[in-house]
Amino acid sequence: VSEIRDIVSVADLRAVEALQREVWGAEDRDIVPLNQLVAAREAGGVLVGAFDGATLVGFAYGFPGVLDGAVSCHSHLLAVRPGARRRSLGYDLKRAQRARLLARGITRMTWTFDPLRTINAHLNFAKLGVIADRYIVNFYGDDSQTTVDRAGTDRLWVTWRLDDPIVRRRLGEGDAAIGAATDTAIDTAADAAADAGSAVCVLRVGEDGEPEAASAARSSAAHSSDARASVVVIEVPEAVNEMESEELRWRWRQATREAFGSTLAAGHIVCDFIRPAAGRPNGVYVLRRPEQPRATGALA
Ligand SMILES: CC(C)(COP(=O)(O)OP(=O)(O)OC[C@H]1O[C@@H](n2cnc3c(N)ncnc32)[C@H](O)[C@@H]1OP(=O)(O)O)[C@@H](O)C(=O)NCCC(=O)NCCS
């Protein structure tokens with residue numbers, strides 16, 4: 001049984017450095033060192049660890065931020081040691097960060113992740129209830145040396161509204177009677193799945209595993225009307241990072257860059273990620289236009 005607690009001692013801070021090297025295969029110059037962790041923590045950051053006994057097996061690190069004039073927390077790192085994954089530690093670490101921030105009256109956390117990483121997409125959207133309205137090309141440049149960035153460093157910028165009723169419901173808090181949803185969020189994965197059935201798909205996984213853009217054989221007018229549809233889905237395969245073919249990895253990067261770029265520019269917001277229970281191991285991102293009323297349920 002693991003315990004989630006604040007990381008305080010020098011020994012545990014050194015373990016955070018070591019875990020970064022292990023999880024990201026990063027050079028020393030690419031890890032966040034002890035001094036920075038301590039300074040950020042003392043200035044209002046959140047640094048929590050998952051421990052098996054005395055051994056650190058995961059951690060989450062965020063530093064204070066100011067966005068649109070309000071204090072927030074930017075969670076820069078989340079990692080769980082490979083041997084300790086799929087035990088909900090990633091989820092528990094995010095919830096521990098959230099609890100600490102809410103106790104200080106901070107209601108927004110941001111972070112970034114690579115949308116080709118479907119495990120993270122599932123954790124972020126389906127389990128935690130984040131939304132994303134920004135896609136950033138090569139956020140950390142195009143020469144990353146880590147083992148997890150094998151096709152540039154494109155990222156989705158996600159926002160977690162810590163006290164949002166939708167988020168509370170995703171986390172299993174509160175009661176089902178909580179009525180009003182925010183305009184951008186959707187309340188259950190089932191709703192999203194139902195919507196996705198009638199949504200415009202701008203990118204899908206072809207039979208051969210290649211990206212298939214909906215616009216490929218269509219006029220640009222049809223493409224731009226797709227981008228304006230109320231619900232849009234973008235399908236991605238699992239584990240692009242592990243694909244052997246470098247060319248295929250890059251084709252997926254290029255295709256998703258274009259799909260997210262055009263739909264976000266048209267005003268959509270990414271609000272869910274759905275993995276089918278069976279069948280093809282792909283997942284779909286669900287994007288909505290915020291001003292679009294939902295087919296069912298209440299809107300704020
Ligand atoms: C992302 C990461 C922190 C998740 O850690 P974790 O402790 O395994 O996460 P959880 O157990 O809370 O898993 C979250 C969900 O993803 C699923 N999941 C995790 N690993 C999976 C895998 N290999 N295949 C399929 N699903 C997986 C879990 O089953 C769980 O979903 P479920 O509850 O619906 O079953 C971990 O994979 C990691 O350290 N990755 C490398 C670093 C990284 O990507 N950091 C985040 C950068 S933003």
Side-chain angles (χ1 to χ4, degrees), residues 1-8 12-13 16 32 36-51 56-80 87-113 120-134 155-189 269-273 290 297-300:
V1 178
S2 305
E3 186 198 354
I4 307 283
R5 56 179 150 87
D6 293 303
I7 293 174
V8 182
D12 288 344
L13 288 157
V16 171
V32 178
Q36 175 63 31
L37 296 169
V38 170
R41 185 192 65 199
E42 293 305 307
V46 181
L47 180 60
V48 286
F51 293 84
L56 183 81
V57 294
F59 74 96
Y61 162 63
F63 50 79
V66 181
L67 291 168
D68 306 324
V71 176
S72 61
C73 172
H74 186 73
S75 186
H76 183 51
L77 299 172
L78 169 71
V80 173
R87 285 165 36 196
S88 268
L89 294 179
Y91 179 67
D92 292 345
L93 284 163
K94 295 308 294 183
R95 288 193 312 165
Q97 278 185 306
R98 172 177 177 264
R100 283 155 175 76
L101 292 167
L102 284 175
R104 297 174 202 166
I106 297 170
T107 57
R108 179 166 51 173
M109 200 191 301
T110 55
W111 64 92
T112 63
F113 84 103
N120 302 59
H122 173 67
L123 174 59
N124 292 339
F125 288 100
K127 297 198 68 180
L128 298 174
V130 304
I131 55 169
D133 62 2
R134 264 175 88 195
R155 297 289 188 265
L156 272 178
W157 177 276
V158 309
T159 299
W160 199 22
R161 296 170 174 166
L162 305 179
D163 60 353
D164 189 289
I166 302 299
V167 170
R168 288 213 295 272
R169 219 176 304 177
R170 290 262 166 133
L171 298 177
E173 290 176 3
D175 59 53
I178 296 171
T182 62
D183 56 355
T184 51
I186 28 185
D187 57 2
T188 68
I269 287 180
V270 192
C271 41
D272 213 345
F273 181 78
L299 274 174

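Partners of D133 according to the side-chain hydrogen bond (donor to acceptor under 3.5 Å, both in side chains) rule, which considers only residues two or more places apart in sequence or in another chain, do not exist here. Listed by chain and number, the residues in a side-chain hydrogen bond (donor to acceptor under 3.5 Å, both in side chains) with D163 amount to none (sequence neighbours excluded). Remark: W160 pairs with no residue by the side-chain hydrogen bond (donor to acceptor under 3.5 Å, both in side chains) rule, at least two apart or across chains. With sequence neighbours excluded, no residue satisfies ring-ring contact (aromatic ring centres under 6.0 Å, His included) with H76. R104 meets the side-chain hydrogen bond (donor to acceptor under 3.5 Å, both in side chains) test with no other residue; sequence neighbours excluded. Under the ring-ring contact (aromatic ring centres under 6.0 Å, His included) criterion, F59 pairs with no residue at all, not counting sequence neighbours.
Between R108 and D68, some side-chain heavy-atom pair lies under the 4.5 Å cut-off. Side-chain contact between V32 and Y61 is present, with at least one heavy-atom pair separated by less than 4.5 Å. Contact of the R161 side chain with the I131 side chain is registered, since non-hydrogen atoms from C-beta on lie closer than 4.5 Å. Annotation: side chain of L156 is not in contact with side chain of T112 (no heavy-atom distance under 4.5 Å).
The distance from the CD1 atom of I106 to the CZ atom of R98 is 13.5 Å, given to the nearest 0.5 Å. Rounded to the nearest 0.5 Å, atoms CZ (R168) and CG (L162) are 11.0 Å apart. In this structure, L93 CG and L47 CG are separated by 10.0 Å, a value rounded to the nearest 0.5 Å. Atom NZ of K127 is separated from atom NZ of K94 by 13.5 Å, given to the nearest 0.5 angstrom. Separation of atoms CG (L37) and CG (D12) is listed at 11.5 Å; rounding is to 0.5 Å. With rounding to the nearest 0.5 angstrom, the CG atom of L123 is 4.5 Å from the CG atom of L128.
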Yes or no on ring pair (Phe, Tyr, Trp, His ring centres under 6.0 Å) for F63 and H74, after CA distance, side-chain angles and deciding distance?
-> CA-CA 5 Å; F63 50 79; H74 186 73; 5.5 Å; yes

Residues R100, D6; criterion salt bridge (charged side-chain N to carboxylate O under 4.0 Å, His left out); working and verdict = CA-CA 10 Å; R100 283 155 175 76; D6 293 303; 2.8 Å; yes

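A pairwise comparison of heavy atoms in R170 and G129 identifies CG-CA, 4.2 Å as the closest pair. Scanning both residues, G90 and V80, for their nearest heavy atoms gives N-CG2, 3.8 Å. Between V38 and L13 the shortest heavy-atom distance is CG2-CD1, 3.6 Å. When every heavy atom of A43 is checked against every heavy atom of P64, the shortest pair comes out as O-CG, 3.1 Å. Nearest heavy atoms, L67 versus S72: CD1-OG, 3.7 Å. Minimum heavy-atom separation, A60 to Q97: CB-CD, 3.6 Å.
Checked against F51 for a side chain to side chain contact (heavy atoms under 4.5 Å, CB included), the options I7, L89, V57 give a single hit: I7.
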